[in-house]
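Predicted model, so just to flag it, every value in this text is computed and none were measured.
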Amino acid sequence: MDRSPASAGTSAATPEKSSNHRWWVLVVIALAQLMVVLDATIVNIALPSAQKALDFSDGNRQWVVTGYALSFGSLLLLGGRLADLLGRKTVFITGIVGFAAASALAGAAQNFEVLVTGRVLQGVFGALLAPAALALLNTTFTDAKERARAFGIFGAIAGAGGGIGLLLGGLLTEHLSWRWTLYINLIIAVFALIGAVLFLGHAKATKDRPKLDLPGTVLASAGLFGLVYGFSNAETHDWSSPMTWGFLAGAVVVLAVFAWWQTRTSHPLLPLRVLADRDRGASFITVAISSMGMFGVFLFLTYYLQASLGFTPVKTGLAFLPMIGALMVTAQLSTNMLLPRIGPRPIVPVGLLMASGGLVWMTGLDLSSTYAANVLPPLILMGLGLGLVMPPAMSLATSRIAAKDAGAGSAAVNTMQQVGGAIGTALLNTLAASAATSYLVGKKPSPGVLAQAQLESYSTAYWWSAAFFAAGAIIAALMYRSGRPDLSTGDGESAPTVHM
């Protein structure tokens with residue numbers, strides 16, 4: 001039997017498992033994960049200030065966000081496999097140092113080109129860091145109770161990171177400078193790096209280290225690039241533009257060839273055994289759909305609070321804190337108590353329906369709405385729902401993956417999150433813009449009419465986001481197995497144990 005990449009990444013007794021510092025390892029991993037998820041939103045609030053300082057056009061502005069998304073999304077599978085082959089600690093530390101250096105470069109940028117270069121490099125090193133972090137979490141916490149607690153914290157950060165990014169982005173931009181939305185990563189990286197050096201052990205390398213799947217790497221990176229780029233173009237081009245549908249169609253073809261190649265090569269970049277599990281597949285889809293729908297909150301509710309209610313960036317960030325608090329409460333409840341006892345089938349669909357209900361509630365927001373009476377209740381409902389969704393889904397998406405495939409499996413989770421976010425942003429922006437345009441047809445533009453057109457665009461985004469979550473609830477209810485899942489980790493690819 002051909003020996004697979006257990007090797008370079010882990011040995012029979014992984015250092016993460018034998019360490020007496022597991023909870024310090026969790027702190028290190030959480031800091032690294034926070035650094036990556038913050039950058040999905042923290043720069044957004046700083047963009048107007050950066051644009052004014054560096055004098056670049058509205059047309060170029062999207063590349064500050066898109067450059068990061070493209071490199072991050074297209075290289076995640078490569079980053080995950082490198083973590084398996086070269087060792088998770090090595091790749092993790094490389095990701096931390098590289099991400100910090102790229103953040104420093106972007107923060108010190110004196111022109112648009114350097115800023116975008118820094119953002120692209122952030123994405124490159126983020127693609128190393130994110131899957132290595134989740135793989136380390138998966139191989140460190142093998143005890144069911146400890147694993148539940150660890151994934152509750154990790155999933156809460158993954159779900160709440162966008163809101164935390166908005167808060168920090170507003171605080172740093174308003175009181176320091178837009179550059180500090182990038183420099184903040186250096187502070188986080190210092191603590192994460194010290195912790196990684198102190199608390200992460202090295203796995204023993206073996207002589208039979210497998211080769212990297214170079215054709216698979218090229219196919220996966222090209223396919224994911226086309227997918228993210230195509231959906232990004234939908235925001236600035238029409239859906240009928242070849243820059244949109246051409247890249248999307250090409251991406252589908254390339255990814256289909258990639259899937260075929262993974263069944264032929266002896267050392268696949270993404271072993272299909274990682275995907276061939278019902279609970280795992282349901283979790284991947286849940287993570288993608290949740291990422292699509294969450295933009296209905298983080299993006300359009302931000303617009304509403306600032307443009308319609310006149311909130312400052314800092315006040316907008318603070319407005320999301322109750323949602324984050326609610327998410328963290330149910331994240332611990334779902335992973336520590338509910339998931340081990342009743343399984344994902346009742347929990348995840350209910351959480352998705354709660355999130356959907358919160359978004360439907362938000363469709364009634366208007367210019368006379370107040371935060372306390374009209375925004376806060378659905379926002380808390382959203383947070384409670386997401387806490388039942390993201391942590392259990394992430395735990396199940398990586399449970400029972402063999403140690404040799406931990407990096408690849410973790411990369412698949414991050415890829416679904418990234419691609420889901422790209423799809424959600426493109427679709428919701430397009431639908432919202434179309435709703436505003438349709439409302440203005442036949443009406444004489446005035447401040448009141450334009451304000452109402454904005455509300456129509458936000459409401460449309462909320463309805464569609466609610467539909468995403470509702471569809472996710474149906475898929476989750478159909479795909480997840482009944483009963484208590486086996487949340488263990490190990491080197492085998494055994495079928496899940498289900499206790500009826």
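Minimum heavy-atom separation, A466 to S356: O-OG, 2.9 Å. P349 approaches P344 most closely through the heavy-atom pair CD-O, 3.5 Å. Considering all non-hydrogen atoms of both residues, V348 and A476 come closest at CG1-CB, 4.0 Å. Minimum interatomic distance between I93 and A196 (heavy atoms only, all atoms of both residues): CG1-CB, 3.9 Å. In this structure, V287 and V413 approach most closely via the heavy-atom pair CG1-O, 4.0 Å. Considering all non-hydrogen atoms of both residues, T181 and I184 come closest at O-CG2, 3.4 Å.
Distance CZ/F99 to CG/L193: 14.5 Å, rounded to 0.5 Å. Atom CG of residue N374 and atom CG of residue L379 lie 12.5 Å apart, to the nearest 0.5 angstrom. Separation of atoms CG (L76) and CG (L128) is listed at 9.5 Å; rounding is to 0.5 Å. In this structure, CG in L367 is found 7.0 Å from OH in Y304, a value given to the nearest 0.5 Å. Note that CE of M390 is 4.5 Å distant from CD of Q417, once rounded to the nearest 0.5 Å. A distance of 12.0 Å separates CZ of R280 from CE of M479, quoted to the nearest 0.5 Å.
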Derivation of the side chain to side chain contact (heavy atoms under 4.5 Å, CB included) call for F469 and V389: CA-CA 10 Å; F469 280 118; V389 175; over 6 Å; no
W178/L54 under side chain to side chain contact (heavy atoms under 4.5 Å, CB included): CA gap, chis, key distance, verdict: CA-CA 11 Å; W178 65 270; L54 302 183; 4.0 Å; yes
Trace of the side chain to side chain contact (heavy atoms under 4.5 Å, CB included) decision for W260 with L219: CA-CA 11 Å; W260 169 82; L219 288 169; over 6 Å; no
Derivation of the side chain to side chain contact (heavy atoms under 4.5 Å, CB included) call for L121 and L105: CA-CA 9 Å; L121 289 173; L105 176 66; 4.0 Å; yes
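The backbone N or O of Q454 lies less than 3.5 Å from a partner atom in the side chain of S457, making a donor-acceptor pair. The backbone N or O of P391 lies less than 3.5 Å from no partner atom in the side chain of S395, so there is not a single donor-acceptor pair. Put simply, the side chain of S74 never gets that close to the backbone of L224: no donor and acceptor are under 3.5 Å apart. Between the S290 side chain and the T286 main chain, a donor and an acceptor come within less than 3.5 Å of each other.
Between L31 and I96 the shortest side-chain heavy-atom distance does not fall below 4.5 Å. Inter-residue side-chain proximity for V120 and Y68 is flagged as unmet; no heavy-atom pair is nearer than 4.5 Å. Put simply, the side chain of L321 reaches to within 4.5 Å of the side chain of L318, judged on heavy atoms. Between L431 and W463 the shortest side-chain heavy-atom distance does not fall below 4.5 Å. Between F468 and L428 the shortest side-chain heavy-atom distance falls below 4.5 Å. L359 places none of its side-chain heavy atoms less than 4.5 Å from the side chain of P378. Between L396 and Y480 the shortest side-chain heavy-atom distance falls below 4.5 Å. The side-chain heavy atoms of Q122 and N185, taken from C-beta on, include a pair separated by under 4.5 Å.
Taking the six-membered ring where the residue is Trp, Y458 and Y462 present tilted rings, their angle falling between 30° and 60°. The aromatic rings of Y303 and F300 stand perpendicular to each other, their planes meeting at an angle above 60°, with 30° marking the opposite boundary.
Each of L384, L386, I380 was checked for a side-chain contact (heavy atoms from CB on, under 4.5 Å) with M382, and the lone residue meeting it is L386.
In this structure, the ring of F258 has its center no less than 6.0 angstrom from the ring center of W261.
Within a 6.0 Å sphere centred on CH2 of W464, other residues, nucleotides and ligands contribute 12 heavy atoms or fewer.
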